[in-house]
Amino acid sequence: MSADRETNQTMTDRDIALLLADAADEVEIGIAPYQAVIRGGRRRRARRWALATAAALVIVGGSGTFALAGLRDGNGVEVSPAVTRQSTAPSTPEERHVYEPQQTMLGAGTEQGQTWYVTVDVWGAPLTKAEAEAQLLAMSSRHEEPWDKDRPSALVGKTTYFVQRTFGSGEPGLLMGDSASKQDTMAGTDLKSGASTLDPKKTDGPQRLVVGQVAKTAQQVTCAWKDGSSTVAHRVAAGADVNSDEATIRPVAGSSDNWFVCVGPEGAAFDSVKVTK
């Protein structure tokens, strides 16, 4: 750095750029263990899903990357921190669905003359411990309880969902549930799913029902069965009708990811699932 630059109070753009370059030379930037962070977080969520389903569980991270921005909107598109800050407008707990979930029908069909259907309840993120405590009471009234029910503060800033399946005239049965923060939005071929029996009462039957989450950009999910057959779920638009026995990927109110449902042929058992387009 020249002596003139030390004394001259009117610095040019070039002078400033040189100063910044000098400072950068003295900074050593280490490599953050991003992959370990991602995998660790997914392992914790996997245990929760496994406890809820008592069935097969698949978690696939196909993107293999971690963006420093790490922020995506509801369509899975990266946004800048400035845009994100502007979008956080104040709202009431009621407007955020903290005390009353948004429910979406994921799939429906018939089996041996019995109607089955799968729904998901999405509870908005509480912003304070007091909101979280009130949310837990509201969840309890619907027979829905998160794994962090004894620590209300753990729900602050997180969206919670519960997937229920109903078969015939039976009561709805919990298939899976979890809480997730905004940073848990899926991308690329990321996939999280659980497999279970179609009828909650027949827990020893073949796991033919597969429900899961994928990125907003996923167009197609393929569920493979142990008899060699497969079922392909295609993405449909928000508000599309739920047709009988149709495998689909659809948006879910309140969720930053899309969701899918596959049902295997009678007698078939779950083998694998992946995003194929």
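When reading the values below, keep in mind they use all heavy atoms of this one structure, side chains included, and skip hydrogens, waters and symmetry mates. The structure displayed is predicted, hence computed values, not measured ones. This chain uses plain numbering: 1 for the first residue, then up along the sequence.
- Put simply, the side chain of Leu155 reaches to within 4.5 Å of the side chain of Pro146, judged on heavy atoms.
- Pro251 and Thr104 make their closest contact through O-CG2, 4.0 Å (heavy atoms, listed as atom of the first residue, atom of the second, distance).
- There is a path of hydrophobic side-chain contacts, each under 4.5 Å, that joins Val263 to Val211.
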Handout entry: Residues Trp225, Val210; criterion side-chain contact (heavy atoms from CB on, under 4.5 Å); working and verdict
Key = CA-CA 11 Å; Trp225 315 104; Val210 183; 3.8 Å; yes
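- Between the CD atom of Glu246 and the CG atom of Asp241 there is a distance of 9.5 Å, given to the nearest 0.5 Å.
- Looking at Arg165 and Asp199, no side-chain N of the basic residue comes within less than 4.0 Å of a carboxylate O on the acidic one, giving no salt bridge.
- Distance CD/Gln220 to NZ/Lys277: 5.0 Å, rounded to 0.5 Å.
- Using a 4.0 Å cut-off between charged side-chain N and carboxylate O, Glu100 and Arg142 make a salt bridge.
- Arg96 places a side-chain N or O within donor-acceptor distance of the main-chain N or O of Ala125, the cut-off being under 3.5 Å.
- A pairwise comparison of heavy atoms in Asp227 and Pro265 identifies OD2-CG, 4.3 Å as the closest pair.
- No donor-acceptor distance shorter than 3.5 angstrom exists from the side chain of Glu145 to the backbone of Leu136, with no hydrogens or angles considered.
- The backbone N or O of Lys202 lies less than 3.5 Å from a partner atom in the side chain of Thr197, making a donor-acceptor pair.
- Between the OG atom of Ser244 and the CD atom of Glu111 there is a distance of 10.5 Å, given to the nearest 0.5 Å.
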Problem - Check against side-chain contact (heavy atoms from CB on, under 4.5 Å), Val252 and Val122 - result: CA-CA 8 Å; Val252 164; Val122 179; 3.7 Å; yes
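- In Tyr117, the OH atom is not crowded: 12 or fewer heavy atoms of neighbouring residues, nucleotides or ligands sit closer than 6.0 Å.
- At distances below 3.5 Å, at least one donor-acceptor pair connects side-chain atoms of Thr128 with backbone N or O atoms of Glu131.
- Contact record, Pro101 with Asp121: CB-CB, 3.9 Å, taken as the closest heavy-atom pair.
- Between Gly168 and Gln114, the shortest heavy-atom contact is CA-OE1, 3.1 Å.
- Proximity of Ile249 to Val236: side-chain heavy atoms (C-beta onward) are nowhere separated by under 4.5 Å.
- Residues Met139 and Gln135 meet the side-chain proximity criterion, which asks for heavy atoms closer than 4.5 Å.
- The minimum heavy-atom distance between Thr248 and Leu106, with the atom names listed, is OG1-O, 3.9 Å.
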Exercise for the section: Take Phe167 and Lys201, measure what side-chain contact (heavy atoms from CB on, under 4.5 Å) needs, and give me the verdict at the end. Expected result: CA-CA 9 Å; Phe167 189 87; Lys201 298 176 184 177; over 6 Å; no
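- Counting heavy atoms from C-beta outward, Asp178 and Phe162 have side chains that stay 4.5 Å or more apart.
- When all heavy atoms of Phe260 and Ser193 are compared, the closest pair comes out as CZ-CB, 3.9 Å.
- Atom CG of Asp271 is separated from atom NZ of Lys226 by 6.5 Å, given to the nearest 0.5 angstrom.
- Checked by atom type and distance alone, the side chain of Arg250 never pairs as donor or acceptor with a backbone atom of Ala238 at under 3.5 Å.
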Practice task
Apply the test side-chain contact (heavy atoms from CB on, under 4.5 Å) to residues Glu144 and Thr160: give CA-CA distance (whole Å), side-chain angles for both, the deciding distance (0.1 Å), then the verdict.
Solution key: CA-CA 10 Å; Glu144 296 179 336; Thr160 301; over 6 Å; no
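- Residues meeting the side-chain hydrogen bond (donor to acceptor under 3.5 Å, both in side chains) test with Gln102, sequence neighbours left out: none.
- Contact check for Val221 versus Val273: side-chain heavy atoms found under the 4.5 Å cut-off.
- Between the NZ atom in Lys216 and the CZ atom in Arg235 there is a gap of 9.0 Å [rounded to 0.5 Å].
- Checked for salt-bridge contact, Arg208 and Glu266 miss the test: no charged N lies under 4.0 Å from a carboxylate O.
- The side-chain heavy atoms of Val261 and Leu209, taken from C-beta on, include a pair separated by under 4.5 Å.
- Shown here is Glu94, whose CD atom has more than 12 heavy atoms of other residues, nucleotides or ligands within 6.0 Å.
- Distance OH/Tyr161 to OG/Ser179: 8.0 Å, rounded to 0.5 Å.
- Contact of the Asp257 side chain with the Val214 side chain is not registered, since no non-hydrogen atoms from C-beta on lie closer than 4.5 Å.
- Side-chain contact check for Thr119 and Gln164: no donor-acceptor pair (N or O, by modelled atom type) lies under 3.5 Å.
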